[in-house]
Amino acid sequence: MRTPIIAGNWKMNKTMAETKAMITELAPKVKDANAEVVLCVPYTDIQTAKRAAKGTNIKIGAENVHWAESGAFTGEVSAAMLKELKCDYVIIGHSERRQYFGETDETVNKRTQAALAAKIRPIVCVGETEEERENGLTEKVLERQIVEGLKGFKSKDFDKIVIAYEPVWAIGTGKTATATDANTTIGYIRHLLAKKFHKSIAEKTRIQYGGSMNVKNCKELMKEEEIDGGLIGGASLKPDDFAFIVNYDK
Ligand code: 13P
């Protein structure tokens, strides 16, 4: 059985003071969650978030990591630095990174390797753009992202890796894939994992849905068999909304 995982992606939002306030308010509302609860926050908020989440069931993650151990990479942060902050998770290859910062399947692969080597769990994002979808390329794009992005990883790595399927056209737009469509596409990703890696990997790997997931649609999405959780943007910034999603099964 795969444990559901509901993760927030704060993107470039919240100061340290706002981080402390949000987690203090959120913690009692999610304490009885059956799902794993994660907040991925800006680098500058990690230490505050870890302190505020101490003794709670909320795990803290980063939103990116560089693959090199150290060196001349202005503006980047290494896995060892995140490890020192006791980061539990890190988002890798988010579509905004792919779109605005030149992230490729190759860099996704290197960042994922670095995270795993530091024992930080990677949340690897995949998903097609609106144009790719309209041109019937969804499956082809997902195959490339999965095969190239996760090339070389072994069965034990997939105990740690979480995949987030985020159709780019659904992010921040209010458009959600229907629960059935999201389930079908995530089922396809699972089929790819079985075909390109191993059946046991397909069975154990957790795959989230992301893209305008909110209090209105979370229950329906989470009912689907293939969907093991959510990666939540906008709704993860509000304690009540995020708590509602985390408690989708109550
Ligand atoms: P929204 O939930 O704001 O659409 O963002 C989704 C997302 O990008 C999570 O990583």
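Numbering starts at 1 and runs along the sequence shown. Ligands are counted one by one from 1 in listed order, and the atoms in each one are counted from 1 as well. Both backbone and side-chain heavy atoms feed into the values below; hydrogens, waters and symmetry mates do not.
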Chemist: Indicate yes or no: does Glu220 engage Lys223 in a salt bridge with an N to O separation below 4.0 Å.
Modeler: no
Chemist: Among pairs that include at least one residue of residues 230-250, which meet ring-ring contact (aromatic ring centres under 6.0 Å, His included), considering only residues two or more places apart or in two chains?
Modeler: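 Residue pairs passing ring-ring contact (aromatic ring centres under 6.0 Å, His included), neighbours aside: none found.
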Chemist: Looking at Arg206 and Asp159, is there a salt bridge between them, counting it only when a charged N and a carboxylate O are closer than 4.0 Å?
Modeler: no
Chemist: Just jot down the ring-ring contact (aromatic ring centres under 6.0 Å, His included) partners of Phe158, sequence neighbours excluded, or say none.
Modeler: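 Partners of Phe158 under the ring-ring contact (aromatic ring centres under 6.0 Å, His included) test: Phe197.
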Chemist: Give the residue, atom name and distance (to 0.1 Å) of the protein heavy atom nearest atom 7 (C) of ligand 1.
Modeler: Glu166 OE2, 3.2 Å
Chemist: Where's the contact between Ala170 and ligand 1, heavy-atom distance under 4.0 Å: side chain, backbone, both or neither?
Modeler: backbone
Chemist: If we only consider heavy atoms of Gly172, is any one of them less than 4.0 Å away from an atom in ligand 1?
Modeler: yes
Chemist: Gly211: heavy atom below 4.0 Å from ligand 1, yes or no?
Modeler: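 Yes; Gly211 lies near enough to ligand 1 that a heavy-atom distance drops under 4.0 Å.
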Chemist: Indicate yes or no: does Arg2 engage Asp228 in a salt bridge with an N to O separation below 4.0 Å.
Modeler: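 Salt bridge flag = yes for Asp228 with Arg2.
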Chemist: Is there any N or O on Ile232 that sits under 3.5 Å from an N or O of ligand 1?
Modeler: no
Chemist: Does a salt bridge link Glu128 with Lys140, judged by any charged N lying under 4.0 Å from a carboxylate O?
Modeler: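 So Glu128 does not pair with Lys140 through a salt bridge.
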Chemist: So for ligand 1, is Thr173 a polar contact partner (N or O within less than 3.5 Å, distance only)?
Modeler: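 No, there is no polar N/O contact under 3.5 Å.
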Chemist: Between Arg144 and Asp105, does at least one N-O distance fall below 4.0 Å, as a salt bridge requires?
Modeler: yes
Chemist: Tell me the protein heavy atom at minimum distance from atom 2 (O) of ligand 1, and give that distance in Å.
Modeler: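 Of the protein heavy atoms, Gly233 N, 2.9 Å lies nearest.
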Chemist: Any N or O on Lys11 sitting closer than 3.5 Å to an N or O of ligand 1?
Modeler: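 N/O-N/O distance under 3.5 Å: yes.
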Chemist: Hey, is Asn9 touching ligand 1 through its side chain, its backbone, both or neither, going by heavy atoms under 4.0 Å?
Modeler: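 Contact part for Asn9 vs ligand 1: side chain (C-beta onward).
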Chemist: Around atom 3 (O) of ligand 1, find the nearest protein heavy atom and jot down its residue, atom name and distance.
Modeler: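 Nearest neighbour among protein heavy atoms for atom 3 (O) of ligand 1, to 0.1 Å: Gly234 N, 2.8 Å.
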Chemist: So, are Lys219 and Asp249 salt-bridged, with charged N and O less than 4.0 Å apart?
Modeler: no
Chemist: Enumerate the atoms of ligand 1 whose separation from the nearest heavy atom of Ser212 is less than 4.0 angstrom.
Modeler: 1 (P), 2 (O), 4 (O)
Chemist: His94 heavy atoms, cut-off 4.0 Å: which ligand 1 atoms fall inside?
Modeler: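 Here the atoms of ligand 1 in question are 7 (C), 8 (O), 9 (C), 10 (O).
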